[in-house]
Number of protein chains: 2
Amino acid sequence: MTVTLADVAARAQVSPATVSRVLNGNYPVAVATRERVLRAVDDLDYVLNGPASALAAATSDLVGILVNDIADPFFGIMASAVQSEIGGPGGRAGGERMAVVCNTGGSPERELTYLTLLQRQRAAAVVLTGGASEDPEHADAIARKLRRLTEAGTRVVLCGRPPVPDTGAVALTFDNRGGGRRLTEHLLRLGHRRIGYLAGPEGRTTTRHRLEGHREALAAHGVEDDPALTVHSPYDRRSGYDATDELLRRAPDLTAVLAANDTVALGAGAALRDKGLRIPADVSVAGFDDLPFSIDASPALTTVRLPLQEAGARAGRIAMGKEEPPPGGVATVHGELMVRGSTGGPR
Amino acid sequence: MTVTLADVAARAQVSPATVSRVLNGNYPVAVATRERVLRAVDDLDYVLNGPASALAAATSDLVGILVNDIADPFFGIMASAVQSEIGGPGGRAGGERMAVVCNTGGSPERELTYLTLLQRQRAAAVVLTGGASEDPEHADAIARKLRRLTEAGTRVVLCGRPPVPDTGAVALTFDNRGGGRRLTEHLLRLGHRRIGYLAGPEGRTTTRHRLEGHREALAAHGVEDDPALTVHSPYDRRSGYDATDELLRRAPDLTAVLAANDTVALGAGAALRDKGLRIPADVSVAGFDDLPFSIDASPALTTVRLPLQEAGARAGRIAMGKEEPPPGGVATVHGELMVRGSTGGPR
DNA sequence: AGGCGCATAGCAAGCGCTTACCATCCGCAG
DNA sequence: CTGCGGATGGTAAGCGCTTGCTATGCGCCT
């Protein structure tokens, strides 16, 4: 039924060992023999049996990339960058490394399950992107799992997520707090005092850090932090729209809306416009991440640019062992404030 | 070093066979025994060896999803939908199905390599999303590969891509031609006669079909199809921007710009604005796909909405054998014209 | 001419798991 | 009290490939 190494060997009149060797190219094989084997492979349409090979060799060339939401360009951009460094098919000729992205949907259970699956496959490396859940139980489970992975020789890199101590995982953390602070400072400097904040889902590191940055800035400027001005909602456009309605209901006097992410900011902008409010004349709006579409919003979105591409690429290189991990296994990636048309002085 | 089935068996005082059976749960095992085994698994932190298991069982639960550009929400949305139907971790309790997305970058070679990799892993199913290359040689190679996959029992589903006859692959095709036609008709009805067309990269089915629809509409209305009005460029914002500059240089008298995709349309909009042209007062702009951000553009983008989510979900269900393939193995998915603020009558 | 060493190729022992088939053990019918 | 069938558990034969070690053949040195 299916063609095996032995079949190829028979047709090429050599031993299975020889076929294996020409296929892996890590052992001298005479040119004539090699060609005979290659021809046989071709004639028979032979395809290596991955599991058998991985079992015998006790290694695999799988690299897993975990993302919270694959439909969100924030993750797509990082995943793409990681993957471009993995090489993947097309990288080096023989480098049959396979980078696979796994969509956790932000669920810690799924994250854990995917890690186990990757562990089962004896993955060569795993890159976890984006913020993490803060549920202590899950955080613990994840930490344990990461430790086991690194112990088994799997390289683990966190990209855009806080370090997890004592796991051997390398972390490229985003300076979410600093970005949040700078964004709020920008609005404060423009004269805003009543700033609505769309904070993202609760219980996630990204949400908390950006919010903390926001509050730091408020405190530093002696502005009261009215709890009514903060609304939590998922990281998508629709939720941003709804949350903005809520915000407007609670505090009709706000002069600015800060969103924890560009997608949410877009939803906020739509909600404001639908209420007849002009941006930034009536209300300023700002986001976070600087996704590609943000510059095309109306008006262009003020936001914090995160070098997703660069960070992802670096994570990929570290995962491949092509680059030294940062000293201490932790590096912080900073964002840059991009002031554009969506923010201005309060009315 | 690593814990194996045998270790667990020893600790639970049963045979390896029994352990395997409780793990796979497809054979009666006394409750007491099962619990003893599970405890041992837990105590030892045992993780099944995927390759070994796949080899012995001669099956795998891998499902591959091929996308052209993972950073593009067009693909992200489909991939996410496919994956939600696969179940993935978290689907059913025991359903350790792993959906992996593979980023081909639009390169036929990579596409082929990923298919081979998936074939190596004896994937349970493969979903190919988005348009395909039209290079006859590659098309042939892909067709051959798909045939071999289906012959080996791998379910193959094409989502948003034309059918490939005689391969056993099920196709959910997008009506790109019809969408292109309706979009152009919309502009023609508004009175436009000089319509620039940003066509996407050459040699791809999506590009060609949308362009053909555009030309059909022009022909049907007796409007001359000036070659200078069509520019090819990659499917990204930057390219859309540049191509629009080129278009404006070639035909300063155009009154509308039609883009083969929303992302490109956004770039076009930016280019027009930077030239001081107002949308739609001076130039109308339209896109294709209706990605989530399109409604937030300035002004909101007229476009053709493709039910990416629904199509992806259906593809996933078919791939899982949860839904009957359409009769003949081919179904056409239609788009819906969404008229919004970015199009209006010519100046 | 004899021997040595290198370049190749083959042998065979697993890698860790699944599963067909067989062995037990027990309860209960006869 | 014997025998039989169902419920469990064990035995062992692979699954297809990799790789350490061994065997072979040949050119060339002394």
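Naming: A, B, ... by sequence-line order, numbering from 1 per chain.
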Report the distance from atom [atom1] of [X] to atom [atom2] of [N], rounded to the nearest whole Å.
| X | N | atom1 | atom2 | answer |
| --- | --- | --- | --- | --- |
| B:D61 | C:dT18 | CG | P | 12 Å |
| B:L48 | C:dC15 | CG | P | 16 Å |
| B:L23 | C:dG16 | CG | P | 16 Å |
| A:N24 | D:dT18 | CG | C1' | 8 Å |
| A:L55 | D:dG16 | CG | P | 12 Å |
| A:R122 | C:dG16 | CZ | P | 9 Å |
| B:N49 | C:dG14 | CG | P | 18 Å |
| B:L5 | C:dG16 | CG | P | 10 Å |

Near B:D166 CG, under 6.0 Å, is it more than 12 heavy atoms from other residues, nucleotides or ligands? no
Only counting residues at least two apart or in another chain, list the ones meeting side-chain contact (heavy atoms from CB on, under 4.5 Å) with B:T173. B:P163, B:A171, B:V330
Holding to side-chain contact (heavy atoms from CB on, under 4.5 Å), I want the full list of residues that pass it with A:A132, two or more places apart in sequence or in another chain. A:R161, A:T205
Contact pattern, 5' to 3', of nucleotides 6-13 of chain D - B, S or - by protein heavy atom under 4.0 Å: --SBBB--
Using the salt bridge (Lys or Arg N to Asp or Glu O under 4.0 Å) rule, collect all pairs that involve residues 24-44 of chain A, keeping only residues at least two apart or in two chains. A:R11-A:D43
Check residues 15-22 of chain B and write down every donor-acceptor pair under 3.5 Å in which the side-chain atom is one partner and the other belongs to a residue at least two apart or another chain.
{"residue": "B:S15", "atom": "OG", "partner": "B:A17", "partner atom": "N", "Å": "3.4"}
{"residue": "B:S15", "atom": "OG", "partner": "B:T18", "partner atom": "N", "Å": "3.4"}
{"residue": "B:S15", "atom": "OG", "partner": "B:T18", "partner atom": "OG1", "Å": "3.3"}
{"residue": "B:S20", "atom": "OG", "partner": "B:N24", "partner atom": "ND2", "Å": "3.3"}

Return the 5'-most residue of the pair A:S20, B:A57 with respect to DNA chain D, ranking by each residue's nearest nucleotide. B:A57
State which residues pass salt bridge (Lys or Arg N to Asp or Glu O under 4.0 Å) with A:D45; sequence neighbours excluded, sorted by chain then number. B:R148
